[in-house]
Enquirer: 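Can you keep this structure in mind? I'll have questions shortly.
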Amino acid sequence: MVNDIVTDHDLSGANTLGLPCIAERYVAVTQAARLPALLAMAKARGWLITVLGGGSNVILPPRLEGLVIQPMFRRFQLEELGREEVTVLVEAGLPWHELVMATVTRGLWGIENLALIPGSCGAAPIQNIGAYGVELADVLESVEIMHLDTGLHETLSRDDCELAYRDSIFKRSLENRVLITRLTLRLSRRPCPRLAYGDLVKRLGEAPTALEVAQAVSQVRREKLPDPTVLGNAGSFFKNPLVSAGKARALLEAHSTMPHFPQPDGSVKLAAGWLIDRCGLKGYRQGAFGVHDRQALVMVHHGGGDARGLLEFAAEVAGRVETHFGIHLEREPRLIGATG
């Protein structure tokens, strides 16, 4: 097991922002059964443990001390629940988009709107990933975890995960304390397209298949978002802010074209990208970092920057929005370790 651990491992290519990062120790784990012994060894040696998934929603520092564990176990299986429903059990290391395509090609509905979201399945509950009117919470049944300090397994129900808009218990009380090993999702064979967001309905016929919806979503994402293999980015960098109904009304009086989405609890969700764009920041660049020229919600890394520089640039963007609109933007990507 010790022989599998690599020292001074370069993680620059393991995060979609392309930030330079060296892991003091790194191990890719291909079988979940190996984790308890690995965690026990790390605990005995006093190593700090960092779990890294697909690297699509994290900001890495120049160096990570201790041991970085990257789950690479990728099996999934289907279990029939009658004629219409199917349970999907998927291990943490499988890339999320691979799971989406594997299910839609089998005619299963539920996660087709989440096509082409980067990252691994194990990271999906942390962020409660969502797009085009669908969230992971809509289909999640349970999450299997392993506690980093004890190596003990536990299964959390969907309610236990405390999923909310781009949030979960894994970003709060369980942050840096557990490793997600497997998800259980419930999908359907019954057609249930959700096409109200964006221009999906214009791109599809009256009765699209799940595969056609996933393909349309993928096309939209490719048109609007930069490919992280070409231009470093973490997708949406800021959460869409939630404001009170009163605040929204006041803003609409001054900005009648402002996109706004009333929520069940009476609050109103605004479009962070629109706010950034209206501050004249689309395409803005400062050194190694910039705002994408087609989607203002995406911060891009042109190369040569680091985590500290990215955070400073993002703070400038958020500061301009707060000055102009009186709205605080909250960062989506998680900051791992110290920024140096």
Side-chain angles (χ1 to χ4, degrees), residues 14-16 27-35 50-58 68-79 85-106 108-132 134-148 153-158 160-163 166-171 174-188 210-211 214 217-218 221 228 234-236 332-334 336:
N15 70 103
T16 60
V27 60
V29 182
T30 58
Q31 297 180 19
R34 294 189 57 209
L35 286 170
T50 299
V51 179
L52 180 65
S56 64
N57 199 49
V58 294
V68 174
I69 298 175
Q70 190 165 34
M72 300 295 282
F73 29 95
R74 301 181 171 186
R75 295 176 301 175
F76 80 95
Q77 65 186 72
L78 307 179
E79 295 182 355
E85 292 191 322
V86 175
T87 293
V88 181
L89 296 92
V90 57
E91 292 184 328
L94 185 71
W96 174 260
H97 182 63
E98 287 189 24
L99 176 67
V100 173
M101 298 310 295
T103 58
V104 297
T105 54
R106 290 169 168 82
L108 299 178
W109 292 83
I111 57 176
E112 61 282 349
N113 288 35
L114 306 181
L116 212 63
I117 292 180
S120 64
C121 290
I126 298 174
Q127 187 76 354
N128 185 25
I129 58 172
Y132 298 100
V134 175
E135 291 183 333
L136 180 71
D138 298 331
V139 298
L140 184 69
E141 289 286 296
S142 63
V143 175
E144 295 178 31
I145 62 174
M146 184 174 293
H147 290 267
L148 298 180
H153 285 90
E154 184 179 0
T155 298
L156 303 181
S157 69
R158 175 176 51 200
D160 292 334
C161 294
E162 300 176 9
L163 301 179
R166 302 298 182 269
D167 194 21
S168 70
I169 194 172
F170 306 108
K171 297 177 76 171
L174 291 184
E175 185 175 17
N176 302 322
R177 295 179 55 192
V178 300
L179 185 154
I180 294 173
T181 58
R182 191 167 74 163
L183 313 182
T184 300
L185 312 180
R186 180 170 293 197
L187 305 183
S188 176
L211 175 59
V217 168
S218 297
R221 292 182 67 89
S236 300
E332 274 201 33
R334 293 180 299 132
I336 294 181

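Since the structure is predicted, the reported quantities are computational estimates derived from the model, not experimental observations.
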Enquirer: What distance do Ile169 atom CD1 and Asn128 atom CG have between them, rounded to the nearest 0.5 Å?
Expert: 13.5 Å
Enquirer: With heavy-atom distances below 4.5 Å as the criterion, would you say the side chains of Val29 and Pro71 are in contact?
Expert: no
Enquirer: Please check if the number of heavy atoms outside Glu154 that lie under 6.0 Å from its CD is greater than 12.
Expert: yes
Enquirer: Using side-chain heavy atoms (C-beta onward) and a distance below 4.5 Å, is Arg34 in contact with Phe73?
Expert: no
Enquirer: Any chance you could measure Leu99, atom CG, to Phe76, atom CZ, to the nearest 0.5 Å?
Expert: 6.5 Å
Enquirer: Judged by atom type as modelled, is there a donor-acceptor pair below 3.5 Å linking the side chain of Asn15 to the main-chain atoms of Val58?
Expert: no
Enquirer: Would you confirm whether Asn113, through its side chain, and Tyr132, through its main-chain N or O, come within 3.5 Å as a donor-acceptor pair?
Expert: yes
Enquirer: Can you find a pair of side-chain heavy atoms, one from Arg334 and one from Ile126, that are under 4.5 Å apart?
Expert: yes
Enquirer: Kindly compute the distance separating CD (Glu91) from OG1 (Thr181), expressed to the nearest 0.5 Å.
Expert: 8.0 Å
Enquirer: Is there a donor-acceptor pair under 3.5 Å between the side chain of Glu112 and the backbone N or O of Gly110?
Expert: yes
Enquirer: Taking all non-hydrogen atoms of both residues, which atom of Gly130 and which atom of Ile117 are closest, and how far apart?
Expert: O-CD1, 4.2 Å
Enquirer: For Leu185, run the side-chain contact (heavy atoms from CB on, under 4.5 Å) check against Leu108, Thr103, Leu136 and tell me which one passes.
Expert: Leu136
Enquirer: Please confirm whether the backbone N or O of Ala115 pairs with a side-chain atom of Ser218, one donor and one acceptor, at under 3.5 Å?
Expert: no
Enquirer: Testing the basics here: between Leu140 and Cys161, what is the closest heavy-atom pair and its distance to 0.1 Å?
Expert: CD2-SG, 4.4 Å
Enquirer: Measure from the side-chain N and O atoms of Trp96 to the backbone N and O of Leu114, and report whether any donor-acceptor pair falls under 3.5 Å.
Expert: yes
Enquirer: Taking Gln127 as the fixed residue, which of Lys171, Arg166, Glu135 is the one that meets the side chain to side chain donor-acceptor pair (under 3.5 Å) rule?
Expert: Lys171
Enquirer: Find out whether Leu116 and His97 are in side-chain contact, i.e. whether some heavy atom of one side chain is under 4.5 Å from a heavy atom of the other.
Expert: yes
Enquirer: Of Val139, Val90, Leu89, Val88, which is the lone residue that meets side-chain contact (heavy atoms from CB on, under 4.5 Å) with Leu183?
Expert: Val90
Enquirer: For Arg74 and Pro95, indicate whether the former's side chain and the latter's backbone hold a donor-acceptor pair under 3.5 Å.
Expert: no
Enquirer: Should Val100 and Val217 count as side-chain neighbours, where that means a heavy-atom distance under 4.5 Å?
Expert: no
Enquirer: Can any side-chain N or O of Ser188 pair as donor or acceptor with the backbone N or O of Trp109 at less than 3.5 Å?
Expert: no
Enquirer: Indicate yes or no: at least one non-hydrogen side-chain atom of Thr87 is less than 4.5 angstrom from one of Gln77.
Expert: no
